[in-house]
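The block underneath contains the structure these notes are about, expressed in structure tokens.
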Amino acid sequence: MDSERIQRAVTELLLAIGEDPSRPGLARTPERVAEACEEFFGGLHEDPLALLADSIPVGGGGPSEAVVVRDISFRSICEHHLLPFLGVAHIAYLPSDRIVGLGRLPRVVDTLASRPQLQERLTEEIADTLERGLDARGVLVVLDAVHGCVAARGSRQEAASTLTLASRGELSDPVRRAEIMSLLGRSGPAHD
Ligand code: ZN
């Protein structure tokens with residue numbers, strides 16, 4: 001990432017809104033924003049499939065029931081406004097003959113979230129990564145997030161959260177999907 005270039009752009013933005021980039025409160029702002037960008041967009045050139053490369057083979061066709069991990073916190077940056085959206089991801093997958101260390105799922109989410117994103121696309125990308133990376137028989141991904149661009153500007157709906165869902169394979173079946181959704185029900189900080 002070109003930190004110098006980000007810093008020049010931030011200085012330019014501050015000038016454009018009529019601020020004085022040299023006043024004490026703003027003097028280090030370009031540098032801070034550049035550091036934040038490293039974090040926000042650090043997943044841009046990382047391959048989330050690599051995180052699943054050492055999945056663990058299990059015999060006998062694997063567990064027949066879904067593995068469900070809920071309330072994985074994530075933050076991403078909306079590509080339309082470059083404002084953060086924050087929330088939780090719930091993930092379910094039906095293993096074929098491989099499972100993955102549970103700690104890998106939050107890392108898959110984080111890698112894909114650390115890019116300029118849309119919540120809808122992020123949801124689909126997580127589902128595709130798990131389907132391909134684990135050869136899963138089914139995947140269900142639900143994201144529940146509050147968007148800076150909705151909460152802080154425009155209609156200023158601070159309490160509005162956006163729910164998106166992507167399903168693959170056997171978990172696209174309405175009955176199986178409903179079963180998982182009921183497991184996820186009443187979960188998550190957004191609902192407690
Ligand atoms: Zn936005």
Kindly give the heavy-atom pair with the smallest separation between [X] and [Y], and that separation in Å.
| X | Y | value |
| --- | --- | --- |
| Leu165 | Glu124 | O-OE2, 4.2 Å |
| Leu184 | Arg70 | CD2-CB, 3.9 Å |
| Thr129 | Leu49 | O-CD2, 3.6 Å |
| Ile56 | Gly101 | CD1-N, 4.1 Å |
| Phe74 | Ala89 | CD2-N, 3.9 Å |
| Leu94 | Ala66 | CD2-N, 3.6 Å |

Hey, is Glu46 close enough to Arg107 for a salt bridge, meaning N to O under 4.0 Å?
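Between Arg107 and Glu46 there is no salt bridge, as every charged N stays at least 4.0 Å from the carboxylate O atoms.
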Does [X] use its side chain to pair, donor to acceptor, with the backbone of [Y] at less than 3.5 Å?
| X | Y | answer |
| --- | --- | --- |
| Arg137 | Pro95 | yes |
| Arg168 | Val139 | no |
| Gln157 | Ser155 | yes |
| His90 | Asp71 | yes |
| Ser172 | Gly169 | yes |
| Arg98 | Ser55 | no |
| Arg8 | Ser3 | no |
| Ser76 | Ala113 | yes |

Determine whether [X] and [Y] fall in the same hydrophobic cluster, where Ile, Leu, Val, Met, Phe, Trp and Tyr are linked whenever their side-chain heavy atoms lie under 4.5 Å apart.
| X | Y | answer |
| --- | --- | --- |
| Leu171 | Val68 | yes |
| Val10 | Ile77 | yes |
| Ile6 | Leu26 | yes |
| Val100 | Leu102 | yes |
| Val108 | Leu118 | no |

Do [X] and [Y] touch side chain to side chain, with heavy atoms closer than 4.5 Å?
| X | Y | answer |
| --- | --- | --- |
| Leu143 | Leu122 | yes |
| Val142 | Leu163 | yes |
| Ile99 | Tyr93 | yes |
| Val69 | Ile72 | yes |
| Arg75 | Glu39 | yes |
| Met181 | Leu140 | yes |
| Phe41 | Pro116 | yes |
| Gln117 | Glu125 | yes |

List the steps, then state whether salt bridge (charged side-chain N to carboxylate O under 4.0 Å, His left out) holds for Glu35 with Arg32.
CA-CA 5 Å; Glu35 279 172 21; Arg32 291 190 195 97; over 6 Å; no
[atom2] on [Y] to [atom1] on [X], rounded to 0.5 Å:
| X | Y | atom1 | atom2 | value |
| --- | --- | --- | --- | --- |
| Leu105 | Leu130 | CG | CG | 6.0 Å |
| Thr162 | Asp144 | OG1 | CG | 8.0 Å |
| Leu112 | Leu44 | CG | CG | 11.0 Å |
| Ser161 | Leu86 | OG | CG | 12.0 Å |
| Arg104 | Leu134 | CZ | CG | 11.0 Å |
| His80 | Cys149 | NE2 | SG | 9.0 Å |

For the residue pair Arg177 and Ser167, confirm or rule out a side-chain donor-acceptor distance under 3.5 Å.
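On atom types as modelled, these side chains qualify, holding a pair under 3.5 Å.
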Side chains of Thr164 and Gln119: donor-acceptor distance under 3.5 Å anywhere?
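Yes, Gln119 and Thr164 have a side-chain donor paired with an acceptor closer than 3.5 Å.
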Taking atom CZ as the centre, does Arg121 end up with more than 12 heavy-atom neighbours from other residues, nucleotides or ligands that are less than 6.0 angstrom away?
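Buried by this count: over 12 neighbours within 6.0 Å.
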Ile91 and Val109: side chain to side chain contact (heavy atoms under 4.5 Å, CB included), yes or no, with the steps?
CA-CA 10 Å; Ile91 290 175; Val109 173; 3.7 Å; yes
Give me each pair satisfying salt bridge (charged side-chain N to carboxylate O under 4.0 Å, His left out) with a member in residues 149-164, each pair once, sequence neighbours excluded.
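Checked against salt bridge (charged side-chain N to carboxylate O under 4.0 Å, His left out) - neighbours excluded - no pair reaches residues 149-164.
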Specify whether Phe85 and His147 have parallel, tilted or perpendicular ring planes, treating 30° as the upper limit for parallel and 60° as the lower limit for perpendicular.
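Parallel.
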